[in-house]
Amino acid sequence: MTAKLQAATTVPVGVVAAMGGVVRRDLQASFRQPQDLLNPLLFFMMVVTLFPLGVSPEESFLRQSGSGILWVAALLSTLLSLDHLFRHDFDNGTLEQLVLQPQPLYLLVLAKTLAHWLVTGLPLVLLAPVLAVMLHLEGNSIAILCLTLLIGTPVLSFIGSVGAALTLGLRSGGVLLSLLIIPLYIPVLIFGTGTVAAAAGGASVGAYLALMGAFLVLSVTLAPFASAAALRISLSNS
Amino acid sequence: MTAKLQAATTVPVGVVAAMGGVVRRDLQASFRQPQDLLNPLLFFMMVVTLFPLGVSPEESFLRQSGSGILWVAALLSTLLSLDHLFRHDFDNGTLEQLVLQPQPLYLLVLAKTLAHWLVTGLPLVLLAPVLAVMLHLEGNSIAILCLTLLIGTPVLSFIGSVGAALTLGLRSGGVLLSLLIIPLYIPVLIFGTGTVAAAAGGASVGAYLALMGAFLVLSVTLAPFASAAALRISLSNS
Amino acid sequence: MSKPLLQATNLQCERDGRVLFDDLSLTIMPATLTRVEGPNGAGKTTLLRILAGLNENYSGEVHWLGAPRAAQREMFQRNLLYIGHRTGIKAALTAQENLAALMAGRHAVSAATLRAALAGTGLAGYEDVPCSQLSAGQQRRVALARLLISDEPLWILDEAFTALDTHGVAALERLLSDHAQRGGAVVVTTHHDLEVPGMQRIRLVPDKVAV
Amino acid sequence: MSKPLLQATNLQCERDGRVLFDDLSLTIMPATLTRVEGPNGAGKTTLLRILAGLNENYSGEVHWLGAPRAAQREMFQRNLLYIGHRTGIKAALTAQENLAALMAGRHAVSAATLRAALAGTGLAGYEDVPCSQLSAGQQRRVALARLLISDEPLWILDEAFTALDTHGVAALERLLSDHAQRGGAVVVTTHHDLEVPGMQRIRLVPDKVAV
Amino acid sequence: MSMWRWFHKFGSPKWFFDIASRLIPWLLGTGLVLLLTGLVWGLAFAPQDYLQGNSYRIIFIHVPSAFLAQSVYLMMASAAVVTLVWKMKLADVFVQTMAPVGALLTFLALFTGAVWGKPTWGTWWVWDARLTSMLILLFLYCGVIVLGRAIADEKSSARAVAVLVLVGVVNIPIIKYSVDWWNTLHQPATFTLTKRPSMPVEMWAPLLLSVVGLYLLFGWLTCVRMQTGILVREHRTSWVRALVRSQGV
Amino acid sequence: MQFDSFAAFLFMEGHGPYVWTCYAVFTLALVGLAWWSLKQRTAVIRQQYHAQLRAERRQASADAHTATDGSGTPAASFSRIHPS
Ligand code: HEM
Ligand SMILES: Nc1ncnc2c1ncn2[C@@H]1O[C@H](COP(=O)(O)OP(=O)(O)OP(=O)(O)O)[C@@H](O)[C@H]1O
Ligand SMILES: Nc1ncnc2c1ncn2[C@@H]1O[C@H](COP(=O)(O)OP(=O)(O)OP(=O)(O)O)[C@@H](O)[C@H]1O
Ligand SMILES: [Mg+2]
Ligand SMILES: [Mg+2]
């Protein structure tokens, strides 16, 4: 590998390869620190178990509010994990290097957010059926619930990435991040639980799912732009 | 203040003054600006808002589960904030300096945890009545609820401090310890909501409150020892 | 090759109400080593981050190979190697994984090359140790290993010599002047007295009239 | 005053399966300056943290004024000033608040003294700036300001000269040898060539039999 | 080009400062007269509502606050676009100085609504679509304020807040739509704000007066607060220094 | 006037407390905001005025020092502080 020592005129590593690199590296780092992986999951489980304990263990209550509880819990665990999305990388300088990579930043941010979802959102979707059974939800509702979580949790990650990027250098990070993001999460929450309620009421859920799909497409395409802009701002300030 | 340059034989700053110093400094750092005081309040309010939106806005449901929701939200806010209890100080080296202060470490840790409660627990107790009204709780229940939160939130902070100290350095130990802390939170939650339910049912709450008081005394006296030991381990390891 | 690599004109930057520099112009030619000097707080880091495109809170113009940098951001970044105060090393990954990650978006390198680069900075035997278990100087060495396999012409290094022992400092000095001799450009800050023949200097003098 | 301040016997420490030092004994007398030397990764930081009582993963004995340290922890800590890689500066607090916080458990100092100490490290005018807005060197200066108002006899400083500009380095060197001359003891690591008359050296040689 | 020059001129802080100085007395005078007329008329002279009795008189402050609370966010969003695209300082001054005003108006709408709810609905609060979306608007405002103050650097703070306001404004219609939908899904329509008898002129005339009056007062507040913001940001320019010299005590 | 007496006006058939709290809070909030905004403006002007005076004084003393030091800034002495 002899150095060419003249301005390179091509970007030899393709965008897709670079995005793959980002995902692989983030997954690697997460699996090295398993407690980072498990924390959101444990949190999710705990929030869900708190309701039978703290509110009421009655089957009718749980059946009625189970899907709402699972959704709120999923939302909160995503929120909890968002603080880590960029902060470690910011502190150790990896983020600077990401911004300086010769690929469009918003694609790299997209890859990073995707990795975040794979680590925090997906396990939660996989765990949801178990918890749903514990909350006495019915088979059909459980299937719909998991489907809405599967569509909805990436939306949460992507919207959240904007907040994480905006609050990056700031000391009051965690709480501030939640303040900025929770209002934006509300439509997802409403339609997520709404879909399950519609299914339980026997209505057709096609339209609801289409709407959630629209949220997903919107957030995946737009949020990385906003996050990339916010990251540049935060880095300028550090 | 001429330097004596020989081994000092007394500790000139008293324990109480040193503890006061720790509390003041932590409050200063949290409330750099007056509007920072608002953050935990807003956060708590938003978490509570998620439940009517996600589960059900009906008055009967909210009245029944209002106190449980508030307790769960309080528990979650505490949990979310625990990560920050020692981590910043660990990263910037303040924790090393704390450990090297010439006062007993467990008292300094006690002061630090107290500061944490003042910043995260207390505001939440103060806001709880407003949210309770929005969740349609009744006057008597509201008073009891606030009382249980006032006794219960410091317990959450103190128990949590042990977990925070342990997860600081131990990489794989983290999971184990979250698992240890969660079960410890559950009795507090059960008795907290149980007290309110008893009051709503017209039963006397004296015994419940006495028990919660016992939790408080126990956690304030024992948890700082465990946390101090955990901090030393974490620091040895870094 | 007389075309300047990087050209900045009329840079002005203020931070918390204090003007760090004003009307600063500079040209980075190929085959030069430039040292940015000044006491603590003069604005060296800020200047380097502006040149690297990390700090956008400035006014003035920056050109890359004669054209505005903003219009060719990706090409510029492809040709720039920046190492800052914070080195870009993840504590959870091993030395080799870290180096691979840093090279990922740039050009393809084989595992053997990565190991050779690490060995070149004195980390033979530490390739598979998580970086959290490396000492301060060893962590910097992981970051500096990039220099050994870089094909970027422009190097911008902030406090490049921090935490290195005497051998490390000498070896790095040689590497930097080699890079300049072979046509590359180096912009560097350091507080130890770096003296390289033909070194250019940019001196930042703090202006103390703070409001 | 010939009684040793700190005495360590038969220290042994291993980290991730590698023995850093073994059977290391040392004595820190009053009125001495000791430099711990060694290449990157030799174990300097580890040794200093053991001496300061921050790292408990070692075997061997440490005595303070002739008696086992464990039995008189608080007195020992009262007489020790340790500044590590990480300086103990909170980004959210101002320079003066940080200094006050660092002095809080030690001895009472007036606000005027704090400001004088900050001025003495060249931070006059920055007393009320949050430390997040200070440059790397300025942040270290805030931590070093403690040295100017310390009444602790034993100073343990890890990489004390990092990030300081040339003036700062020279002034700090003077301060350290003054402290030794007036009967204090300094244990320090640094990679720049510190030369003080009468300086003692502890050399850590990495044992290359890595596992 | 002429567009650019237009922006340059109207984006000049000094130009705005001078115009604002001239507008201030007019805005304050007419705003106060209209608002007070509207309120006195509404409180004392407008006829009683046959359904709600006298409690309906809260409408004369409730509706103006609610209207303005919503439109301030839209104005902030337009200003945020200008901040990001043209990097115009004035636009950021507007966003950052007016966010607290928007939050206060939102709070007033919520508070007056809550107090009104007690006599009419028998409860301080219901999780009704419109109420809930107003609460979320308050959260959005709080986020903008808190973020702006948390970032010390002026330029970074301006750009970060602009990004947040824009993300928020994209979401506002989505939130509104979803909350409307949610409410009708979960809750049988117990109360709707829109279901009311059409208002006689003696009721809507004072309402109109107070709405217009509050808008004018808002204009006055904008001028005063933006002047403060300009003074802070431009403190090193010669014209501000001269002005401070001539006015400082 | 819709009301027979001033007392009736205040009482508003039982709705007085609600109506009047609303108007009171509304007025207080707006007046408070206006007062705060005006006060902030004068405070900023006054503060900048004093800052200018201070800067001039500092400049004058710095000019006096430049003869000795050259930089006009207090150098770091790193000498120990011995307050009386
Ligand atoms: C906290 C509680 C309340 C909130 C947040 C609230 C919010 C709002 C908002 C945002 C508007 C403006 C709608 C628009 O822009 O068109 C509005 C208008 C109005 N509100 Fe409320 N409201 C509350 C309680 C009440 C109550 C209790 C009543 C009376 C029973 C009421 C009666 C009205 C009326 C009559 C209008 C004007 C109608 C219209 O323009 O659509 N509101 N309110
Ligand atoms: N994040 C920040 N926010 C606001 N101001 C800052 C920030 N970082 C640095 N500054 C200010 O900018 C000035 C220049 O800082 P910079 O880090 O560029 O200095 P430097 O020359 O690199 O110093 P050093 O030699 O100590 O690294 C400092 O005086 C500091 O007050
Ligand atoms: N947290 C840790 N866990 C395990 N091993 C570690 C840890 N930190 C350091 N080590 C190992 O201990 C050895 C000594 O590290 P130490 O930080 O003491 O070196 P040092 O002499 O201070 O080096 P430098 O000059 O680079 O600061 C290193 O080789 C490293 O492999
Ligand atoms: Mg620097
Ligand atoms: Mg070291």
Side-chain angles (χ1 to χ4, degrees), chain B residues 1-33 36 84 88-108 111-112 115 169 228-229 231-238, chain D residues 1 3 5 30-31 49-50 52-58 64-65 73-94 97-98 100-110 113 130-131 139 143 146 148-154 179 181-185:
Chain B
M1 183 103 10
T2 53
K4 283 197 302 280
L5 294 180
Q6 58 198 12
T9 50
T10 56
V11 176
V13 176
V15 165
V16 176
M19 288 172 72
V22 171
V23 172
R24 192 171 55 252
R25 180 199 333 169
D26 277 15
L27 293 186
Q28 249 176 1
S30 320
F31 301 129
R32 192 64 285 171
Q33 300 163 316
D36 288 351
H84 294 273
H88 287 307
D89 284 8
F90 181 73
D91 288 343
N92 64 28
T94 323
L95 202 60
E96 283 170 13
Q97 298 296 339
L98 191 82
V99 168
L100 291 179
Q101 275 196 23
Q103 287 86 17
L105 182 57
Y106 73 92
L107 287 177
L108 300 175
K112 231 182 134 49
L231 282 184
R232 285 195 199 279
I233 296 172
S234 298
L235 279 175
S236 281
N237 231 23
S238 77
Chain D
M1 227 204 268
K3 205 172 170 193
L5 281 180
R49 290 174 70 88
I50 290 175
L54 283 170
N55 188 334
E56 299 178 343
N57 295 338
Y58 65 94
W64 167 249
L65 292 175
R73 186 129 222 162
E74 284 166 30
M75 278 325 303
F76 168 68
Q77 293 188 352
R78 174 67 193 90
N79 287 288
L80 164 71
L81 193 162
Y82 168 85
I83 301 181
H85 273 286
R86 290 175 293 197
T87 45
I89 299 300
K90 288 195 183 195
L93 298 184
T94 66
E97 284 165 352
N98 262 306
L102 289 170
M103 298 306 296
R106 306 199 153 259
H107 60 249
V109 274
S110 68
T113 314
C131 285
Q139 292 197 17
R146 268 177 83 186
L148 304 187
I149 45 177
S150 133
D151 65 350
E152 291 88 359
L154 175 59
H179 182 67
Q181 262 162 30
R182 276 178 303 141

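Naming: A, B, ... by sequence-line order, numbering from 1 per chain.
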Donor-acceptor contact below 3.5 Å, side chain [X] vs main chain [Y]:
| X | Y | value |
| --- | --- | --- |
| R49(D) | L235(B) | yes |
| E96(B) | L54(D) | no |
| Q97(B) | Y82(D) | yes |

Could you give the distance from [atom1] ([X]) to [atom2] ([Y]), rounded to the nearest 0.5 Å?
| X | Y | atom1 | atom2 | result |
| --- | --- | --- | --- | --- |
| Q101(B) | R78(D) | CD | CZ | 10.5 Å |
| L95(B) | R86(D) | CG | CZ | 9.0 Å |
| L93(D) | Q28(B) | CG | CD | 5.5 Å |

Can you see which heavy atom on G105(D) is nearest to which on A18(B), and at what distance? CA-CB, 4.3 Å
Nearest heavy-atom approach of D26(B) to K90(D) is OD1-NZ, 3.0 Å
By side chain to side chain donor-acceptor pair (under 3.5 Å), Y58(D) pairs with (sequence neighbours left out) R69(D)
Using non-hydrogen atoms and a 4.5 Å limit, figure out which bit of I89(D) sits close to chain B: side chain, backbone, both or neither. backbone
With a 4.5 angstrom heavy-atom cut-off, which part of L102(D) approaches chain B: side chain, backbone, both or neither? side chain
Side chains of P102(B) and R106(D): closer than 4.5 Å at any heavy-atom pair? yes
Between G84(D), A91(D), A52(D), G88(D), which has the largest tally of heavy atom pairs under 4.5 Å with chain B? G88(D)
Among the options A100(D), P130(D), A143(D), A101(D), pick out the one with the most heavy-atom pairs lying under 4.5 Å from chain B. A101(D)
Sequence neighbours excluded, the answer for salt bridge (charged side-chain N to carboxylate O under 4.0 Å, His left out) partners of R73(D) is E56(D)
